[in-house]
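Note sheet for the following structure.
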Amino acid sequence: MNWANESTPKEFILLGFSDRPWLQMPLFVILLISYTFTIFGNVSIMMVCILDPKLHTPMYFFLTNLSILDLCYTTTTVPQMLVNICLNKKTISYGGCVAQLIIFLALGATECLLLAVMSFDRFVAICRPLHYVVIMNRWFCLRMAAFSWLTGFSNSVLQSTLTIHMPRCGHREVDHFFCEVPALLKLSCADTKPIEAELFFFSVLILLIPVTFILISYGFIAQAVLKIKSAEGRRKAFGTCGSHMTVVSLFYGTAIYMYLQPPSSTSKDWGKTISLFYGIITPMLNPLIYSLRNKDMKEAFKRVMSRILFLKK
């Protein structure tokens with residue numbers, strides 16, 4: 001395909017909810033507040049996990065990765081959305097759209113794999129506690145994190161390449177807030193069913209295999225926890241796993257809805273709302289879920305803050 005032909009516009013128009021002008025200001029306020037909380041929450045978790053020696057464990061190493069990922073995830077889309085709403089400017093350059101597509105998809109796929117790795121960490125901690133230090137050693141954790149990031153970006157390159165090479169015959173109005181696979185496929189003037197089948201295959205690999213692995217891991221975890229005689233022990237085990245399962249449910253539920261069905265079958269307004277939820281609201285909620293439900297995190301945050309305030313004095 002000739003990238004210079006009419007199928008490759010210089011810019012795209014992001015329609016968002018432009019047909020509902022009264023939604024622009026409420027949406028701007030929601031995005032601004034959500035993005036502010038996302039930055040503050042994820043930076044706080046990263047800071048605490050790095051500065052507190054008691055949190056230098058595999059669980060919090062992966063949580064730091066998740067916070068970095070969520071921070072980048074929202075930064076890929078939200079600033080552009082805020083500018084478009086504030087300036088009533090709906091365009092994004094072709095290069096910016098492609099970059100947004102690749103990075104957003106890569107980070108989403110990476111999060112799928114990272115959540116599966118985190119479930120394996122909890123499985124080993126609860127079901128194989130005597131072997132935990134040996135299995136979840138530093139080198140293994142680094143390899144698992146690297147595998148998640150590299151696989152996520154590799155998947156993104158494949159899916160993005162298939163998507164951006166579809167002929168669009170000059171169509172450039174993206175009925176979405178940002179450049180996402182389902183929205184861009186709707187611009188194509190060719191039969192998208194073969195591409196949708198290929199994208200569905202990759203989505204199954206990235207979404208369903210990790211979530212199946214997570215469910216199996218938590219099946220074994222539930223069996224092991226129920227065998228613990230101490231009520232306090234059961235409470236602590238369910239507490240650490242409960243935060244992770246809440247994040248998994250929020251992220252996978254919405255992502256599976258968007259990517260494991262044909263774009264043509266998705267209601268445009270409902271699809272936009274779901275994308276806003278897993279692309280913006282979930283990264284904002286993750287720090288709250290992990291901090292409010294995690295006693296170790298709350299105590300570590302207090303220690304770090306008291307250390308910082310003491311140095312200031």
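Just so you know, these numbers come straight off a predicted model, no measurement behind them.
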Where is the tightest heavy-atom contact between [X] and [Y], given as atom of each residue plus distance?
| X | Y | result |
| --- | --- | --- |
| L32 | L82 | N-CD2, 3.9 Å |
| S188 | M166 | OG-CE, 3.2 Å |
| A109 | G152 | CB-CA, 3.8 Å |

Does [Y] offer a backbone N or O that forms a donor-acceptor pair with the side chain of [X] under 3.5 Å?
| X | Y | value |
| --- | --- | --- |
| N65 | F61 | yes |
| S217 | F120 | no |
| N42 | I39 | no |

Does the side chain of [Y] come within less than 4.5 Å of [X]'s, by heavy atoms?
| X | Y | answer |
| --- | --- | --- |
| M297 | C49 | yes |
| K54 | E299 | no |
| I280 | M81 | yes |
| L162 | Q159 | no |
| T110 | Y73 | no |
| F62 | L114 | yes |
| V181 | L101 | yes |

* side chain to side chain contact (heavy atoms under 4.5 Å, CB included) with F12: which of T91, V98, L187? ->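 Of all the options given, the one that passes is L187.
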
* Heavy atoms of other groups near F28 CZ, more than 12 under 6.0 Å ->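 Enclosed: over 12 neighbouring heavy atoms sit under 6.0 Å from CZ of F28.
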
* To do: Start with the C-alpha distance between H131 and V124, add both sets of side-chain angles, then the distance that settles side-chain contact (heavy atoms from CB on, under 4.5 Å), and finish with yes or no.
  => CA-CA 8 Å; H131 301 93; V124 177; 5.7 Å; no

